[in-house]
Amino acid sequence: MLRTSLAVAAGKISAELIKVFHVGSGTSLPGKVALKVDSQLLSNLGRQVRQKTVSITGTNGKSTTAGLLSAFIEAGQAQVVHNQLGANMLPGITAALVKQSSLIGRLSADYGVIEVDEASLPGVAQAIRQDLTVVTNLFRDQLDRYGELDTTARLIHQGIENSGGYLALNADDPMVASIGRHFPPEKVVYYGVDHVDYPHDIALNYPVPFPKEVTDCPVCQASLNYSKTLYGHLGHYACPQCGFARPQPQVLADTIDINAESTQIKLHWESQPSVNLTLHLPGLFNAYNLLAASAAVYWLKLPLSQIERGLSRYTSIFGRAEKRFIDNKPVMILLIKNPIGASEVLKVTATDPNARLVIMINDNYADGRDISWLWDAPFELLRQASRPIVVSGHRAEDMALRLRYAEVPSDLIQVEPNIMSAFYHSVREAKPGETVYVLPTYTALLQLSQAIGSR
């Protein structure tokens, strides 16, 4: 216990020094320092969670899903430990637990809600108990780090085996749903979407098909048949050769209505009547995040009313469809990092006729060095733009070139590599009634957060 106390103290001191000297965000380094003192610290703290620990993994939506689930649990007056700043590798998770612990290494929490990087899941699952693992989706993302989708799926499968816990899987993603085949049916909860309504048919105005990254059966590699496509490769599918098909979800969105400001969801649990929910986040991807969090609530056997109460207290995570007012002008910040995520974000901007865009592309390690994904994202949706589009970041010129190939009028493309200059220029230029949509990659988002996060 003495070593644990020393490790927590070392982590807390390093966090304070980082804050005093403004030398970083402090989301991971305190965890690295603490683990140097006690390599078993995460296990020692994690076992102090009194009830259940839920991990959230997958390509897109981890931070929002974890944030929603924390709000739903806290609506029942329970204490939650949560790596809410999104640092989701071993040091970042450790730093979050250190922050919520006392100086003598006591962690007071009823539940743990832990966002976990896909590649880190096997190691994290060995270090900390995970009673339920929620998998959001699997898309191509940072190929230089993760490799192709089957590699990521294997890492998640290994992590779930290491945890020995239960699973909540996205039934509409064939790669995710196929993981459930390797576990007893009673250990798996599925969630999914039945029907989606957009304010207008975006696809009718889009010149090429939206990207679909999985076309073959993950079991036998035959071509999947889709009776309904929702986004990317998510939908209602079946394999004509081996019989693998979308599982029936226990947690289901009967209907989802999408608009630029919010999302209406008719949520149905296996044995309960439907309830109508309003999620003040735009986009089908955020509706899936709510479903993933709801599946965890379902498994935890918490009342459905906690979802309704939790939604009323939920506040957006910075950069995850968060709306801010800068100089009294509305700003919506939407992280982009891979083709499918960018596709859904661009659909959100397409539903707003008063959108003014700033696209910030960096290629640091945390973003992924390979930015070829820009050519797989449907920036053709912007070819009808009538307002200037500012491109910024280390790869601003590459983004400008992509927009030219998407047939965005060249006189509307403005290049400003400096992220903060690009941001404030766009805010100044915004006319009454316009919303500035900022689409940054991860490290661009961090830079933006440090500058305006507290405003």
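Everything numeric in this text was worked out from a predicted model, so none of it was measured.
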Contacts of Phe72 meeting ring pair (Phe, Tyr, Trp, His ring centres under 6.0 Å) (sequence neighbours excluded), chain-then-number -> none
His195 meets the ring pair (Phe, Tyr, Trp, His ring centres under 6.0 Å) criterion, sequence neighbours left out, with none
Across all chains, not counting sequence neighbours, the side chain to side chain donor-acceptor pair (under 3.5 Å) partners of Gln264 are Thr278
Residues passing the side chain to side chain contact (heavy atoms under 4.5 Å, CB included) test with Thr441, sequence neighbours excluded, are Ile361, Asn362, Asp367, Trp373, Ala444
Those residues at least two apart in sequence (or on a different chain) that pass ring pair (Phe, Tyr, Trp, His ring centres under 6.0 Å) with Phe244 are Tyr237
Residue set satisfying side chain to side chain donor-acceptor pair (under 3.5 Å) with Glu397, at least two apart, ordered chain then number -> none
Residues pairing under side chain to side chain donor-acceptor pair (under 3.5 Å) where one sits in residues 84-96, two or more places apart or in two chains, turn out to be Asn88-Glu115
Sequence neighbours excluded, the answer for ring pair (Phe, Tyr, Trp, His ring centres under 6.0 Å) partners of Tyr166 is Trp299
Applying side chain to side chain contact (heavy atoms under 4.5 Å, CB included) to Ser39 and not counting sequence neighbours gives none
Sequence neighbours excluded, the answer for side chain to side chain contact (heavy atoms under 4.5 Å, CB included) partners of Ala296 is Val54, Leu69, Leu132, Val134
Taken in chain and number order and not counting sequence neighbours, the residues that satisfy side chain to side chain contact (heavy atoms under 4.5 Å, CB included) with Gln221 are none
Side chain to side chain donor-acceptor pair (under 3.5 Å) filter on Asp38, not counting sequence neighbours, yields Thr4, Asn44
